[in-house]
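Heavy atoms only: backbone and side chains are in, while hydrogens, waters and symmetry mates are out.
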Amino acid sequence: MTAPGYHPVAPPSAARRPRRRWWLTGVVVAWAVVLTGFAVWSVRNDPPTVPEQRDIAAALPVLQRATGVTLDAADAADRVVTLGELSFDRDCALTPVREGVEASREITVRVQPGQVPGVLQAIARALPAGYAATARHNEARTRYGLRADAGEFVGVDTTADADASAFTLLVSTGCRPLADGVDLDPAPVAATEVPQAFTAALRALGATAAKATSSEVSCPSGGVARTVTADELSAPADLGRALRGVVAGAVVVQSDPHAWAYRAGNVSMVVSDSEGRARVDATTGCR
C-alpha cells in the first residue's frame with residue numbers, strides 16, 4: 001500500500017551497488033609507505049635544524065675545532081691570549097621537564113688601551129668566511145662586540161667597552177641533551193712540557209717547584225696550542241719589580257700593579273697576584 005500520488009520505487013539491486021574503490025585504498029597505503037621512508041631517510045641524512053637534535057657528545061668536536069680556529073684568529077704579536085679549560089654548565093633546560101647541558105671554552109684577549117675596536121675587526125676578518133663573523137658597536141661607539149657562527153649551533157661571542165684592556169671570546173654549544181660517556185667534571189691535566197718564558201716567570205717569583213696544569217686545543221693547520229698554568233703561588237711584595245728582568249725586551253701589553261701581560265716571542269704571558277697569591281699563565285698559540 002503506497003500513499004496517494006506516490007509510485008513505489010524498487011531498491012537498487014546488488015548488481016547496481018557502487019564497487020568499492022580498492023585502487024584508492026592502494027594509493028593511500030603506498031603514499032604512507034613513501035612518507036615513512038622519507039622520514040627515516042631525513043632523520044639519518046638531513047642536518048639538524050635545532051640544537052636539541054644533537055646531544056652534547058656530538059657538539060663537543062665542533063666546539064673544540066671552533067676554539068682552535070678562534071684562538072688562531074685572536075693571536076697576534078701585539079696581543080696576549082689565554083686559553084680557558086673546557087667547562088660544562090648543567091644549569092640549562094631544553095624543556096620545563098628535560099634537563100640539558102652547555103659546554104664552553106673561553107679565550108681571553110688582552111690588548112693595549114684603545115685597541116678593542118680595531119682588534120675585534122681584525123679577529124672578524126681572520127675567522128673563516130663560513131663563520132660569517134661580524135664586529136659591531138653601539139651608536140655612541142662606547143661598546144663593541146663580535147659574533148660568529150661556527151656551524152651546528154656553536155657560536156662565538158664577546159662584548160667589551162671601547163676602553164677595555166681585555167675581553168673574553170666565548171665559544172659555546174648552547175643547551176644540548178645529555179649524553180652517556182661525557183665527563184661533565186673533567187679533572188685538570190698536568191703539564192708535561194712548559195715554555196721557557198713560563199719557567200723564567202716562576203723563577204722570578206721564587207716558585208720553581210710549582211706544579212702546572214695544561215689546557216690544550218688543536219690548531220686548524222695542525223699542531224697543538226696550549227695554556228700552561230701555575231696558581232696559588234706566593235706573591236712577591238712588588239710584582240712589577242719581581243718581573244723586571246723577565247719583561248726586558250718583551251712586548252708589554254699590560255703593566256698594572258697586580259697584573260702584567262706581555263709577549264715573550266710567540267708566547268703570551270700573564271702574571272697576576274691577588275690577596276697574597278700569584279698566578280702564571282703561558283700560552284703557546286698556533287703561530
Side-chain angles (χ1 to χ4, degrees), residues 63-85 104-151 154-172 195 197 215-221 223 225-229 243 247 249-272 279-287:
L63 173 74
Q64 299 287 38
R65 183 169 60 250
T67 301
V69 169
T70 304
L71 178 67
D72 188 34
D75 195 12
D78 60 343
R79 310 168 202 159
V80 169
V81 295
T82 305
L83 174 65
E85 296 179 353
S104 64
R105 297 197 74 168
E106 295 182 347
I107 301 167
T108 302
V109 184
R110 291 173 172 83
V111 297
Q112 296 177 350
Q115 287 191 332
V116 164
V119 167
L120 288 178
Q121 289 281 359
I123 294 174
R125 290 193 299 268
L127 287 170
Y131 278 42
T134 57
R136 59 196 188 281
H137 55 76
N138 62 4
E139 186 175 355
R141 295 180 180 268
T142 58
R143 188 76 172 166
Y144 286 76
L146 180 145
R147 175 168 295 176
D149 181 1
V154 172
V156 182
D157 294 275
T158 190
T159 56
D161 292 334
D163 58 354
S165 60
F167 59 87
T168 298
L169 294 160
L170 179 67
V171 188
S172 61
S215 181
E216 301 182 349
V217 70
S218 297
C219 296
S221 59
R226 63 174 54 88
T227 292
V228 178
T229 301
L243 295 175
V247 299
V251 177
V252 177
V253 174
Q254 183 179 356
S255 57
D256 296 337
H258 298 286
W260 280 69
Y262 56 97
R263 297 275 303 202
N266 291 327
V267 181
S268 291
M269 295 293 304
V270 179
V271 185
S272 58
R279 175 183 174 119
V280 178
D281 294 287
T283 303
T284 305
C286 295
R287 303 183 182 185

Where [X] and [Y] come nearest, the two heavy atoms and their spacing:
X	Y	value
T283	L83	OG1-N, 4.0 Å
C219	A225	SG-N, 3.6 Å
A66	V171	CB-CG1, 3.9 Å
A74	L169	CB-CD1, 3.9 Å
G68	P220	O-CD, 3.7 Å
A282	P195	CB-CG, 3.8 Å

What's the spacing between [X] [atom1] and [Y] [atom2] if we round to 0.5 Å?
X	Y	atom1	atom2	result
L170	D157	CG	CG	6.5 Å
T70	L127	OG1	CG	5.5 Å
R226	C286	CZ	SG	10.5 Å
E216	T227	CD	OG1	9.5 Å
L120	Q115	CG	CD	11.0 Å
L71	E106	CG	CD	13.5 Å

Exercise. Could you check V111, I107, D161, L146 and say which one makes a side chain to side chain contact (heavy atoms under 4.5 Å, CB included) with F167?
Key: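 Result for side chain to side chain contact (heavy atoms under 4.5 Å, CB included) with F167: V111.
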
Quiz prompt | Candidates V80, V253, V270, L243 - the one meeting side chain to side chain contact (heavy atoms under 4.5 Å, CB included) with W260 | solution = L243

Quiz item: H258: what forms a ring pair (Phe, Tyr, Trp, His ring centres under 6.0 Å) with it, not counting sequence neighbours?
Solution: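 With sequence neighbours excluded, H258 shows a ring pair (Phe, Tyr, Trp, His ring centres under 6.0 Å) to no residue whatsoever.
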
Self-check item: Residue pairs involving residues 74-85 (criterion salt bridge (Lys or Arg N to Asp or Glu O under 4.0 Å); sequence neighbours excluded)
Solution: D75-R263

I'd like to know if the side chain of [X] and the backbone of [Y] have a donor-acceptor N/O pair within less than 3.5 Å.
X	Y	answer
T158	T168	yes
N138	R143	yes
T159	G145	no

Quiz item: Side chains of S215 and R105: donor-acceptor distance under 3.5 Å anywhere?
Solution: yes

